[in-house]
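As the structure is a prediction and not an experimental result, all values here were calculated from the model.
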Amino acid sequence: MVKRLTKAALLTALALILFTVEAQIPPVVPIPGVKLGLANIVTVYAMFAMTPWEALAILLVRIFLGSVFAGSMSAILYSLSGGLLCWLVMLPLRKLLTEKQLWVASVFGAIFHNVGQTLAAMAILQTASVAVYLPILLLSGVVTGLFTGLCAQFALRRLQKLTGTK
Amino acid sequence: MIKTRTWIIVIAAVALVAGALSLWLFSARTGTVVEIVQDGTVIEEIDLLRVREAYRFTVTSSDGGENVVLVQPGRVCVESADCPDKICVQRGWLTDEPTPIVCLPHRLVIRSKSASGADAATQ
C-alpha cells in the first residue's frame with residue numbers, strides 16, 4: 001500500500017514537472033489547443049502499470065496542481081474535460097491491448113482529449129465556431145499521441161527490466 | 001487480441017479523414033463579413049471589403065483581459081493581447097476563411113459570418 005502510494009506520488013510529481021515545463025514553451029503552431037502533451041506519457045504509463053483508478057487520481061491531481069502552478073485557472077476546464085475523456089477511452093483499451101500496442105491507447109487518448117477540449121471551448125466561448133479546428137486537432141492528436149505513447153511504452157518496458165517485475 | 005496492423009489501419013484512416021477535412025477547411029472561402037464574438041455575443045460586425053481606412057480598437061473581456069483588434073481593408077487581426085499564450089496574435093490575418101481567430105483565455109472569437117451558420121442549432 002505504502003509502495004503504491006509512493007509510486008503514485010512520484011508519478012504525479014513527474015507529470016507535474018512535464019506539464020509545467022511544457023507550459024513555459026511558447027506554442028509552436030498558432031492553433032488553439034495544439035500541444036505535445038508530455039504529461040500524457042505519465043497518464044498512459046500509469047494506466048498500464050497501475051490500476052485505472054490510480055491513473056485517474058494521478059491525472060486529476062496533476063491537472064489541479066498544474067493549473068495552480070502554471071497560473072491559468074481558466075485552462076483547468078479544458079484540461080479536465082480533455083483529460084477525463086482521454087481516461088474514459090483508455091479504460092476499455094487497457095484490456096484490449098498488449099504491451100507492445102500501448103501506443104494505440106495513447107493515440108486514442110490524445111484524439112479524445114482534443115475532442116473534450118473542443119467541447120469545453122464550445123461551452124465556454126458559447127459558440128460552435130471553434131469546432132472548425134476539430135479536424136486539425138484530431139490530426140495533431142494522432143501525431144502527438146503516437147509520440148507520447150511510444151515514450152510511455154519504452155518507459156514501461158525499461159522499468160520492467162530494471163525492477164524485474166511484470 | 002486485435003492485430004497491430006488492424007490498429008494501424010484504423011488510426012491511419014482517422015488521420016486521413018481528418019487531414020482531408022483540414023485541407024478542405026484551409027482552402028474554403030466563406031466571405032468577407034466578419035463577426036467579433038465575446039462570451040457568445042456578437043459585439044461587432046464588419047464587412048472587410050467596405051473598410052477604406054485602417055483602424056484599431058480594444059476589446060476588454062469580463063475579467064479585464066485586453067485584445068487590440070486591427071482592421072484593414074480586406075483583413076482583420078489581433079495586433080496585441082495580454083493573454084498568456086498569444087495564439088490569437090500569432091494566428092495572423094483573417095480575410096475570408098472559415099478558421100476563426102480564437103483567444104481562449106479571453107473568450108474572444110473573430111470569425112467569418114457565414115461560417116457561423118452552425119451556431120443557430122446550438123444556441
>> Before you tell me yes or no, could you show the steps for A:V107 and B:W7 under side-chain contact (heavy atoms from CB on, under 4.5 Å), namely the whole-Å CA-CA distance, both residues' side-chain angles and the distance that decides it to 0.1 Å?
In response: CA-CA 10 Å; A:V107 168; B:W7 286 117; over 6 Å; no
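- Using a 4.5 Å cut-off between heavy atoms, B:V17 makes no contact with chain A at all.
- Between the CD1 atom in A:I136 and the OG1 atom in B:T99 there is a gap of 6.5 Å [rounded to 0.5 Å].
- Here CG of A:L139 is found 10.5 Å from CG of B:L21. Values are rounded to the nearest 0.5 Å.
- In terms of hydrophobic clustering, with Ile, Leu, Val, Met, Phe, Trp and Tyr side chains grouped at heavy-atom distances under 4.5 Å, A:V42 and A:L93 are assigned to a common cluster.
- Not a single donor-acceptor pair under 3.5 Å links the side chain of A:Y133 to the backbone N or O of B:V102.
- Residues A:V142 and B:I9 do not share a hydrophobic cluster, clusters being chains of Ile/Leu/Val/Met/Phe/Trp/Tyr side chains in contact below 4.5 Å.
- Heavy-atom distances place the side chain of B:L25, and not its backbone, under 4.5 Å from chain A.
- Using a 4.5 Å cut-off on side-chain heavy atoms (C-beta onward), A:I124 and B:R107 make contact.
- When each of B:A18, B:P105, B:A15, B:A12 is checked for heavy-atom pairs under 4.5 Å with chain A, B:A18 comes out on top.
- One finds the OG1 atom of B:T4 at 7.0 Å from the CH2 atom of A:W103 (value rounded to the nearest 0.5 Å).
- Minimum interatomic distance between A:S129 and B:P100 (heavy atoms only, all atoms of both residues): O-CG, 3.7 Å.
- Interface remark: A:I111 contributes side-chain atoms only to the contact with chain B (heavy atom separation under 4.5 Å).
- Atom CH2 of B:W24 is surrounded by 12 or fewer heavy atoms from other residues, nucleotides or ligands within 6.0 Å.
- Remark: side-chain polar atoms of B:Q90 are not paired, donor with acceptor, to backbone N or O of A:I31 under 3.5 angstrom.
- Follow the hydrophobic side-chain contacts under 4.5 Å out from A:L137 and you reach B:V14 in the same cluster.
- Cluster annotation: B:I11 and A:L96 are assigned to the same hydrophobic cluster (Ile/Leu/Val/Met/Phe/Trp/Tyr, side-chain heavy-atom contacts under 4.5 Å, transitive).
- The number of heavy atoms from other shown groups lying within 6.0 Å of CZ (A:F48) is above 12.
- The contact between A:K95 and chain B is made entirely by backbone atoms, counting heavy-atom distances below 4.5 Å.
- We find the CZ-CG distance between B:R111 and A:L125 to be 10.5 Å, quoted to the nearest 0.5 Å.
- Across all their heavy atoms, A:Q101 and B:I2 have their closest contact at NE2-O, 2.7 Å.
- Under the 4.5 Å side-chain heavy-atom criterion for grouping Ile, Leu, Val, Met, Phe, Trp and Tyr, A:M47 is connected to A:W53 within one hydrophobic cluster.
- For the atom pair CG of B:L108 and OG1 of A:T127, the computed distance is 11.0 Å after rounding to the nearest 0.5 Å.
- In this structure, no portion of B:L16 lies under 4.5 Å from any heavy atom of chain A.
- When each of B:L104, B:L23, B:D85 is checked for heavy-atom pairs under 4.5 Å with chain A, B:L104 comes out on top.
- Both the backbone and the side chain of A:P32 come within contact range of chain B, each with at least one heavy atom under 4.5 Å from a heavy atom of that chain.
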